[in-house]
Amino acid sequence: MKVYLDGQFVESEDAKISVFDHGLLYGDGIFEGIRLYDGCVFKLEEHLERLEYSAKAILLEMPWSRQEISDAICETCRINNLKDGYIRLVVTRGKGSLGLSPKTCVSPSIIIIADHLSLYPAEYYEKGLEIITVPTRRVNPAALSPAVKSMNYLNNILAKMEADRLGYIEALMLNDQGYVAECTGDNVFIFHKGKIMTPPFHAGALRGVTREVVLEIAEDLGIPVIQENMTRYDIWIAEECFLTGTAAEVIPVVEVDGRMIGDGKPGKVTGQFLTNFRSRVAKEGTFL
Ligand code: PMP
């Protein structure tokens, strides 16, 4: 496998960055996870826009144009003969001194890895996920905005570990006020009384690309959307619950905190969203 690293294609074992890179030393950098479906990079422009917003928010000046990054992504897929897979785009602050200040970092580094994807096993789509609320709270937006897809994922990793230790595959994270924020790598939705509901960005949800697609699908299906603060109670009494993310797509949740959601089976409306989502994937994006 060849990895794109600062303008060059290098074998994966030779793809190395400096131990002085502030991405490694401080998690000072940003990233995107993107899907390739049948030779089409799904929603590439949307991912690159979010990357630009993340860069702007952390005052990281990227010396590459959107077109250059887009071309490099497509070339990385082509060079690896990849038609379906997952693309990890990482931009670090670059090499600097041991101090915190990024002033010593002269040029950011860009890494693009395109590989096969390990999805949630098919049985989770058929049976639905069981998830649990964990004690670790989502970072307060005033400390570090969860809208920034930064290399600081420790908050989510700790939450994921808490769930894993209790035997759950995914964790529901609340914000510091106790409202539902999102899961460790996915946005969360419920369906109840003909409407879908998802937490607003200010509650600590990432501006998920899949979340946006689901909102478009809701409009097409004529299903009203509520983006308001949500509590666990809203989930417990919901008819359906599902998560959305680049890797997960749309995945049903049938149990939260040991409580059955709806009738304990993946919901019909969730199924409609998943089918509709899958019908869009190889059409809406950038062809290699
Ligand atoms: N929330 C978090 C914390 C994430 O890391 C992700 C991406 N895996 C998402 C939500 C979903 O975003 P997207 O649909 O853009 O993948």
Does any non-hydrogen side-chain atom of [Y] lie less than 4.5 Å from one of [X]?
{"X": "Arg66", "Y": "Ile69", "result": "no"}
{"X": "Glu240", "Y": "Lys268", "result": "yes"}
{"X": "Asp21", "Y": "Ser109", "result": "yes"}
{"X": "Val139", "Y": "Leu144", "result": "yes"}
{"X": "Trp64", "Y": "Pro108", "result": "yes"}
{"X": "Val91", "Y": "Glu32", "result": "no"}
{"X": "Asp234", "Y": "His192", "result": "no"}
{"X": "Tyr179", "Y": "Leu174", "result": "no"}

Would [X] end up clustered with [Y] when hydrophobic side chains under 4.5 Å apart are linked, directly or stepwise?
{"X": "Ile235", "Y": "Ile223", "answer": "yes"}
{"X": "Val253", "Y": "Val214", "answer": "yes"}
{"X": "Ile169", "Y": "Val250", "answer": "yes"}
{"X": "Val213", "Y": "Leu274", "answer": "yes"}

Does [Y] offer a backbone N or O that forms a donor-acceptor pair with the side chain of [X] under 3.5 Å?
{"X": "Ser145", "Y": "Pro141", "value": "no"}
{"X": "Glu68", "Y": "Ser65", "value": "yes"}
{"X": "Glu228", "Y": "Pro199", "value": "no"}
{"X": "Asn80", "Y": "Lys2", "value": "yes"}
{"X": "Ser150", "Y": "Gly29", "value": "no"}
{"X": "Glu255", "Y": "Gly264", "value": "no"}
{"X": "Asn187", "Y": "Arg211", "value": "no"}
{"X": "Lys149", "Y": "Gly208", "value": "no"}

Could you report the tightest heavy-atom contact between [X] and [Y], atom names first, then the distance?
{"X": "Gly204", "Y": "Ala181", "result": "O-CB, 3.9 Å"}
{"X": "Glu182", "Y": "Val188", "result": "CA-CG1, 4.1 Å"}
{"X": "Gly39", "Y": "Leu36", "result": "C-CD1, 3.8 Å"}
{"X": "Tyr125", "Y": "Pro266", "result": "O-CG, 4.0 Å"}
{"X": "Asp6", "Y": "Ile110", "result": "OD1-N, 2.7 Å"}
{"X": "Thr246", "Y": "Thr210", "result": "N-OG1, 3.2 Å"}

Hey, could you give me the [atom1]/[atom2] distance between [X] and [Y], rounded to the nearest 0.5 Å?
{"X": "Leu129", "Y": "Cys241", "atom1": "CG", "atom2": "SG", "answer": "9.0 Å"}
{"X": "Arg278", "Y": "Asn276", "atom1": "CZ", "atom2": "CG", "answer": "12.0 Å"}
{"X": "Leu82", "Y": "Cys77", "atom1": "CG", "atom2": "SG", "answer": "5.5 Å"}
{"X": "Thr136", "Y": "Asn155", "atom1": "OG1", "atom2": "CG", "answer": "7.0 Å"}
{"X": "Ile157", "Y": "Asp164", "atom1": "CD1", "atom2": "CG", "answer": "12.5 Å"}
{"X": "Tyr37", "Y": "Lys43", "atom1": "OH", "atom2": "NZ", "answer": "12.0 Å"}

With a 4.0 Å cut-off, would you call [X] and [Y] a salt bridge?
{"X": "Arg35", "Y": "Glu249", "value": "yes"}
{"X": "Arg280", "Y": "Asp220", "value": "yes"}
{"X": "Arg232", "Y": "Asp257", "value": "yes"}
{"X": "Glu239", "Y": "Lys193", "value": "no"}

Report task. Could you walk me through whether Phe273 and Phe191 pass ring pair (Phe, Tyr, Trp, His ring centres under 6.0 Å), step by step? Result -> CA-CA 11 Å; Phe273 275 97; Phe191 173 75; 8.0 Å; no
Within the supplied structure, the quantity of interest is the number of heavy atoms (other residues, nucleotides, ligands) at a distance under 6.0 Å from [X] [atom1]; does it exceed 12?
{"X": "Phe20", "atom1": "CZ", "answer": "no"}
{"X": "Glu61", "atom1": "CD", "answer": "no"}
{"X": "Tyr53", "atom1": "OH", "answer": "no"}
{"X": "Glu11", "atom1": "CD", "answer": "yes"}

Between [X] and [Y]: side-chain donor-acceptor atoms closer than 3.5 Å:
{"X": "Thr184", "Y": "Glu170", "value": "yes"}
{"X": "Asn175", "Y": "Arg137", "value": "no"}
{"X": "Gln227", "Y": "Thr198", "value": "no"}

Query raised in the report: Parallel, tilted or perpendicular: which fits the ring planes of Phe242 and Phe189, with parallel below 30° and perpendicular above 60°?
Result: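 Judged by the thresholds at 30° and 60°, the geometry between Phe242 and Phe189 is parallel.
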